Amino acid sequence: MTDLASLLNAEQLEAATAPDGPLLILAAAGTGKTRTLVYRVVHLIERGIAPWEILLLTFTNRAAREMLERAESVTPGITSGLWGGTFHHVANRMLRRYAPRLGFPNDFRILDADDQKSLMRQCIKDAGYAAKTFPKREVVLSMLSGAVNRGLDLLDYVETKNEDGEVSSDNLIEVINAYTRKKDEIKAMDFDDLLVFALRLLEEHDDVREHYQNRFKHVLVDEYQDTNVLQSAFVNRLAEGHQNISVVGDDFQCIYTWRGSNYRNIMDFPTQYPGARVIKLEQNYRSRPEILAVANESIKHNPDQFQKVLRPTRDSVNARPRVYDVYSDREQSDTISKIIRSACEDGYNYSDIAILYRSHFHSIETQILLGRTHVPYAITSGVGFFDQAHAKDIISLVRLTEFPADWLSFERVLTLLRGLGPASAEKLWAKLGGVYKAEEADHRNNLLAFMTPSARAQWEPISEAIANYKASKLSVTELVSAFITAYYESYLNKEYDNAKDRLDDVRELATEIERRGSVTEFLSDIALLTNVDVEGEKQRTENEPHVLLSTIHQAKGLEWPVVIILWAVEGMFPSNRSIVEESDDSEERRLFYVAVTRAKEQLHIFTPRTRYLHDGGMMDCTPSRFVKEIPETLLEQHAPSQQRRRYSPYSFRQKNY
DNA sequence: GTTGGGAGAATTTTT
DNA sequence: TTCTCCCAAC
């Protein structure tokens, strides 16, 4: 039996060992939220609940993995059989089993953002609108997603979003409906559908609902402030019988309202579950008092929230956060370099340092700098590994051999061939009757027979490799190799100047697929694997200390001794879009709060005065309101370097290897 | 039907 | 600088 009293403070202990029934843990940043939740899981299991009777819902896969690992380190084997993951993962898992109830096959396809966009492009085109005058695909998709995730009527929502639009809302709805139909035709679900259909499964199929209600005796939810209506309905359904639902969150850290998150979920929890136990964690173990002072001061400017104050437990060492008033991004880079060097001299290693920013593109200069100065770094990049064109090509190839009805993969692979475009792919697919069974010689031969001679010549060796793969004469790696030799290498060479890198990636990907064991399972769920997960895997294997570059969103839940925040200037943080589109800046401020509270020992904030634009132009910047609204006495100001050097905008635009 | 050139636009955050 | 779309030439 684990001695929790020696591991947790009074508040945490109360939360971890709270009896059955609804429980709300309001945990401010750095108060040991994860720790508490992990020990609650441990406690439940030691109390006699079986691991498979627990459902642990998190916001990212990384968070789930981290928690399970920490529980495992307390008692090895303790979490085996426990369901832990994101809402999307859990929904997917249920749907893989019960999809036929809703008219989907078990191996339904999950559409990623690219798939959604290409489907939407077709819908706009089919409806006869010119892509130029019609709203962009992303915009249309975000209207649909926004309505779905907020539980709002589509027409109402589209109308509010389309007030000054040149295209009528009816036309938008028409296209959106076409998109939904198309999705249904190919038996695919997008990300939102996973939530929608999992909820429908529970609501409309009593036996399924009862099955999961009986199975999961305890439901725990992390980051509850970032759940949306679908997600809260989902957990409420699961817990409606026993009401053993524990949620953890902090309304200050709600940073996903743009995706439908609604922190009312956490605020209204006590009303929804009368008699719910509410426990506040306010003792901050993470940050120096000077850092917390800035965080507290900042969040005060958001009046409409549960007021909580972070109480420091750590000693003050006069570690006021530093603000650097630098002239340019070049000087920002130079200073970062110095900060990193001096941190290392102070005994920190690279892994103790994180560089955070509002948007991915803010990090470009810093990446170049770190590369030039040979500082090892990892980046949670904008484009995930699996989102790159070449990765998708290979995934589609393998998918084509496994999923006979997967039109999207069929099209993608076939249109790689020279002289074969979308129109031909569609024709071939129709001639095949909308199915391509790779294991059947008839299907393979028919496809070849229907092709033009030039396409046939290119496809023949690939078709043969597929045949051998299906006859188990080739492994996945060998299939991909054959594809590369027969066609793909020359294709890459022709299309891209970094063909070699891409080829390496593709080979690595093939090995990865093979390593996973079940090819079909991996392919089905690949859309749910994010770049962060891939990065996590890499770090695990490579394990070299490195500086982390990350957006603030992706840094949520993590902490570092040294945190550097880039581009704290108006228009970048808060972002331009939020200034123009949103009536208030409270979400951006919460984001700033999240960034600040990641820091344990040192916090460095940059407010460059100028920014060079991609076309060589220059823009003046003013410090972010989030910095200016903090009393100066809480910060340590660093003036720009004395001798203002003159930089040509072009001198550092050149590629730095 | 396909491809490639040329013009034009564009830069939030993610499952 | 890079992606996307449109149109004209194969």
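The basis for the numbers below is simple: all heavy atoms, side chains too, and nothing from hydrogens, waters or symmetry mates. Predicted model, so just to flag it, every value in this text is computed and none were measured.
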Whole-Å distance between [N] [atom2] and [X] [atom1]?
| X | N | atom1 | atom2 | answer |
| --- | --- | --- | --- | --- |
| Ile110(A) | dT14(B) | CD1 | C1' | 15 Å |
| Asp114(A) | dT4(C) | CG | C1' | 13 Å |
| Asn576(A) | dT13(B) | CG | C1' | 14 Å |
| Leu566(A) | dT13(B) | CG | C1' | 16 Å |
| Ile255(A) | dT13(B) | CD1 | P | 13 Å |
| Lys132(A) | dG6(B) | NZ | C1' | 11 Å |
| Asp192(A) | dT14(B) | CG | C1' | 11 Å |
| Asp226(A) | dT14(B) | CG | P | 13 Å |

When we call it a touch if two heavy atoms are under 4.0 Å apart, what does [X] touch: a base, just sugar-phosphate, or nothing?
| X | value |
| --- | --- |
| Leu230(A) | nothing |
| Leu591(A) | nothing |
| Tyr256(A) | sugar-phosphate |
| Lys556(A) | nothing |

Respond yes when some side-chain nitrogen or oxygen of [X] is under 4.0 Å from OP1 or OP2 of [N], and no when none is.
| X | N | answer |
| --- | --- | --- |
| His89(A) | dT15(B) | no |
| Thr60(A) | dT15(B) | no |
| Ser575(A) | dT13(B) | no |
| Arg121(A) | dC5(C) | yes |
| Arg137(A) | dC5(C) | yes |
| Gln554(A) | dT14(B) | yes |
| Lys125(A) | dC6(C) | no |
| His360(A) | dT14(B) | yes |

**Prompt:** DNA chain B: Leu416(A) or His553(A), which has the more 5' nearest nucleotide?
**Reply:** Leu416(A)
**First of Pro422(A) and Phe87(A) reached from the 5' end of DNA chain B, by closest nucleotide** =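 Upstream on the strand: Pro422(A).
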**Message:** Going by centres under 5.5 angstrom and planes under 30 degrees, do the aromatic ring of Trp258(A) and the base ring of dT13(B) stack?
**Reply:** yes
Taking the minimum atom-to-atom distance to the side chain of [X], which one of [options] wins?
| X | options | result |
| --- | --- | --- |
| His88(A) | dT14(B), dT4(C), dT15(B) | dT15(B) |
| Thr86(A) | dT15(B), dT3(B), dT13(B) | dT15(B) |
| Arg418(A) | dT2(B), dT13(B), dT3(B) | dT3(B) |
| Lys427(A) | dT15(B), dT4(C), dG1(B) | dG1(B) |

**Message:** Counting only heavy atoms not in Lys182(A) (residues, nucleotides, ligands), do more than 12 fall under 6.0 Å from its NZ?
**Reply:**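 Yes, enclosed.
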Check the angle between the aromatic planes of [X] and [Y] and answer parallel, tilted or perpendicular using the 30° and 60° thresholds.
| X | Y | result |
| --- | --- | --- |
| Tyr212(A) | Trp83(A) | tilted |
| Tyr491(A) | Tyr496(A) | perpendicular |
| Trp407(A) | Trp429(A) | tilted |

**Request:** For dT4(C) and dT13(B), measure between their C1' atoms and round to the nearest Å.
**Result:** 23 Å
**Prompt:** Can you tell if the side chain of Arg609(A) reaches within under 4.5 Å of the side chain of Asp620(A), non-hydrogen atoms only?
**Reply:**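 Of all side-chain heavy-atom pairs linking Asp620(A) with Arg609(A), none is under 4.5 Å.
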**Message:** I'd like to know whether Asp584(A) forms a salt bridge (charged side-chain N to carboxylate O under 4.0 Å, His left out) with Arg589(A), so could you lay out the CA-CA distance, the side-chain angles of the two residues, the decisive distance to 0.1 Å, and finally the verdict.
**Reply:** CA-CA 10 Å; Asp584(A) 75 324; Arg589(A) 188 174 287 103; over 6 Å; no
**Request:** In sequence, state the C-alpha distance, the side-chain angles, and the governing distance for Lys556(A) and Glu223(A), and then conclude on salt bridge (charged side-chain N to carboxylate O under 4.0 Å, His left out).
**Result:** CA-CA 10 Å; Lys556(A) 187 165 133 178; Glu223(A) 308 276 14; 3.6 Å; yes
